[in-house]
Amino acid sequence: MPLQPDPEWWKSSVVYQIYPSSFQDSDGDGVGDLAGVIGRLDYLKLLGVDAVWLSPIYPSPWEDNGYDISDYFDIHPRFGTLADWDRLRDGLHERGMRLVMDLVVNHTSDEHPWFTESRSSVDSEKRGYYFWRSPREDGQAPNNWGSVFSGSAWDLDEATGEYYLHLFSRRQPDLNWDDPRVRREVHEIARWWLDRGADGFRMDVVNFVSKSPGLPDGRPVGDFGSPDEHVINGPRLHEFLSEMHETVFAGRNVVTIGEMPGVDVGQARLHTNPDRHELNMVFQFEHVDVDHGPGGKFDPVPLDLRVLKSSLNRWQTELGDCGWNSLYWSNHDQPRVVSRFGDDERYRETSAKTLATTLHMLKGTPFVYQGEELGMTNAHFDDIEDYRDIETLRHYREIRASGRTTAEAVMPAIRRMSRDNARTPMQWDASANAGFTPGTPWISVNSNHTEINAQAAVDDPGSVFHHYRRIIDLRKRYPVIVHGTFAPLLEEHDSIYAYTRTLGEQILLVLANWSGEVAEVNLRPEEFGNSPQLLLGTHREPNTVLAPLRPWESRIYLGRRAK
Ligand code: TEU
């Protein structure tokens with residue numbers, strides 16, 4: 001099936017994120033690989049997704065599961081070869097699906113040749129590729145910035161007596177985008193993959209690449225200072241993104257998705273306004289930070305649906321007319337949404353379906369994270385020994401070293417919020433290791449794979465999988481879902497998420513009960529149009545619009561606008 005030449009294909013697409021390490025292992029080493037992905041393309045075609053975003057598959061020492069790249073022009077041997085990548089590209093394109101790569105260029109691995117050369121001497125020709133600074137007079141780090149992964153954002157290189165900046169792990173030194181040579185190197189990487197047939201990029205923390213001149217101290221947070229005000233949305237970010245668009249992306253039918261922790265909707269309007277030629281869309285974090293308490297993600301607070309609605313609705317209304325939204329609940333950094341925002345015990349399947357309905361009927365491009373379509377849950381690991389993620393492990397060690405609390409006291413928050421919750425192997429069937437690998441998996445398989453797995457879901461017409469398949473199919477059949485204007489309903493309701501989408505005479509009504517209680521629907525007929533027809537619901541018994549919503553019930557109606 002040829003790829004449609006539509007220059008805005010990414011607006012009507014649903015994108016499936018694959019975390020390759022945990023998707024399908026074909027050679028028994030316990031780690032997923034490209035051959036494994038190729039073997040599952042027909043599953044993705046059945047689901048109906050239009051594109052695949054691959055988390056990094058490049059050579060890497062694997063400090064941060066591949067988000068620390070040591071060679072941008074090859075494939076990590078654990079995943080296969082460039083020939084395998086070519087087969088994957090062709091396999092997707094033949095099925096009418098596109099391939100989006102993960103471009104991690106805010107930083108490299110400390111094993112990248114650029115860094116090896118840069119650190120070799122203060123006079124290295126590549127010294128300027130990274131941020132090297134002399135110690136303060138007292139020998140301390142050049143400023144007070146803390147790392148996203150705990151500890152200082154600076155590491156002292158004994159050999160040259162200078163510090164280098166790393167906003168993440170010490171083995172992920174930040175690239176200095178103020179040096180035009182760095183930007184030219186990045187442009188070459190992007191062109192190389194696009195020339196090879198990639199259909200676009202998800203660009204890792206791309207709003208961090210312009211730092212405040214002078215790298216000044218940040219506001220105190222714990223033992224360090226926050227770099228946020230000095231690395232997020234920096235003074236040259238628009239310039240760098242426009243330059244990259246002009247140099248690399250202009251004239252190509254590709255998608256650019258900027259991952260932007262801390263971006264606000266005003267900035268996103270600028271980044272995704274097509275007249276400004278920067279990016280097609282951004283991954284924002286407001287809605288996945290709503291349950292972060294005063295101490296951050298590992299100090300979680302209960303979800304208040306009104307806060308979540310307020311955030312997402314603001315992005316719908318304020319980005320709806322000039323830019324474009326990405327839509328996601330889950331990815332490799334976030335807990336599994338059915339455990340986080342749904343009910344993974346009493347109403348797992350129904351709440352997973354309603355979370356999907358709520359998200360996929362909004363205006364923007366939906367992203368489905370591997371296993372989300374099955375209603376896969378958090379890992380619920382009991383022991384810190386079961387965790388692999390650097391962010392989780394460094395948090396655990398920092399908390400224990402601080403003596404601020406006991407190991408046991410920190411585990412509930414880790415169980416709830418660790419990135420490893422999303423990184424347990426894809427659950428293909430009820431067999432050993434869920435059919436993910438014949439070997440020993442690099443991270444434990446969730447024990448509930450005996451009930452929650454793709455084989456059972458595909459065979460069950462009432463499964464979460466088939467709800468996702470139907471939701472994705474609706475998007476292909478009803479232009480109102482892609483192009484319709486958004487309008488919120490019942491904004492102050494504490495358990496119903498309701499809204500409409502309007503296009504011409506058509507009005508789509510979405511009603512979703514985000515609770516385990518029955519919820520009354522108090523809407524006026526003029527709010528949802530005439531003769532609404534039920535398009536898709538979570539319950540077998542169809543219901544009229546104003547019928548109460550059963551626990552975690554959602555319903556989608558299509559009607560005609562009231563005159
Ligand atoms: O994540 C950016 C980022 O800020 C995340 O660290 C996120 O805020 C955090 O994980 C929430 O707990 C990107 C990648 O998605 C992530 O996997 C990498 O670890 C990070 O950048 C560094 O490349």
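Here, residue 1 is the first one in the sequence, and each next residue gets the next number. Both ligands and their constituent atoms are indexed starting at 1 by order of listing.
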Identified side-chain contact (heavy atoms from CB on, under 4.5 Å) partner of Leu99 from the options Trp53, Trp85, Trp193: Trp85
Closer than 4.0 Å to some heavy atom of Val205 - which atoms of ligand 1 meet that? 2 (C), 21 (O)
Taking all non-hydrogen atoms of both residues into account, name the closest pair between Trp329 and Leu359 and its distance. NE1-CB, 3.4 Å
Any Gln334 heavy atom less than 4.0 Å from ligand 1: no
Using the six-membered ring of Trp9, assess whether NZ or CZ of Arg98 lies under 6.0 Å from its centre and within 45 degrees of the ring axis. yes
Looking only at atom types and distance, does a side-chain atom of Thr256 sit under 3.5 Å from a main-chain N or O of Leu279, one as donor and one as acceptor? no
Quick one: nearest non-hydrogen protein atom to atom 8 (O) of ligand 1, plus distance? Phe285 CE2, 3.9 Å
All ring pair (Phe, Tyr, Trp, His ring centres under 6.0 Å) counterparts of Phe115, not counting sequence neighbours: Tyr130, Trp132, Tyr164
Considering only non-hydrogen protein atoms, determine which one is nearest to atom 5 (C) of ligand 1 and report residue, atom name and distance to 0.1 Å. Asp333 OD2, 4.0 Å
For Arg202, is the nearest heavy atom under 4.0 Å from an atom of ligand 1? yes
Select one of side chain, backbone, both or neither to describe which atoms of Met417 lie under 4.0 Å from any atom of ligand 1, heavy atoms only. neither
Just need the protein heavy atom nearest to atom 1 (O) of ligand 1, so name the residue and atom and give the distance. Glu259 OE2, 3.2 Å
To which of Asp204, Ile69, Asp289 does the heavy atom nearest atom 23 (O) of ligand 1 belong? Asp204
For the pair Trp324 (side chain) and Thr272 (backbone), establish whether a donor and an acceptor sit closer than 3.5 Å, ignoring hydrogens and angles. no
Under 4.0 Å from a heavy atom of Arg419: give me the atoms of ligand 1 that qualify, with their elements. 6 (O), 10 (O), 16 (C), 17 (O), 18 (C), 19 (O)
For atom 12 (O) of ligand 1, which candidate among Lys297, Met260, His166 provides the closest heavy atom? Lys297
Geometric cation-pi criterion, Arg170 with Trp154: 6.0 Å, 45°: no
To which protein heavy atom is atom 4 (O) of ligand 1 closest, and what is the distance rounded to 0.1 Å? Pro261 CG, 3.4 Å
His292: ring pair (Phe, Tyr, Trp, His ring centres under 6.0 Å) partners, not counting sequence neighbours: none
Trp114 side chain to Leu175 main-chain N or O, any donor-acceptor pair under 3.5 Å? no
For ligand 1 and His332, I'd like to know whether there is a polar contact (N/O to N/O, distance under 3.5 Å). yes
Atom 6 (O) of ligand 1 [closest protein heavy-atom partner, distance rounded to 0.1 Å]: Phe168 CE2, 3.6 Å
Evaluate the ring planes of Trp442 and Tyr19, with Trp represented by its six-membered ring, and classify them as parallel (under 30°), tilted (30 to 60°) or perpendicular (over 60°). tilted
Identify which of Asp64, Leu167, Asp102, Val288 has a heavy atom lying nearest to atom 19 (O) of ligand 1. Asp64
Hey, could you give me the OH/CG distance between Tyr129 and Asp178, rounded to the nearest 0.5 Å? 14.0 Å
Please work out, at 4.0 Å between heavy atoms, whether the side chain, the backbone, both, or neither of Phe149 comes within that distance of ligand 1. side chain
In terms of atom number and element, which parts of ligand 1 are under 4.0 angstrom from non-hydrogen atoms of His107? 22 (C), 23 (O)
Suppose we measure from atom 9 (C) of ligand 1 to each protein heavy atom; which comes out shortest, and what is that distance? Glu391 OE2, 3.5 Å
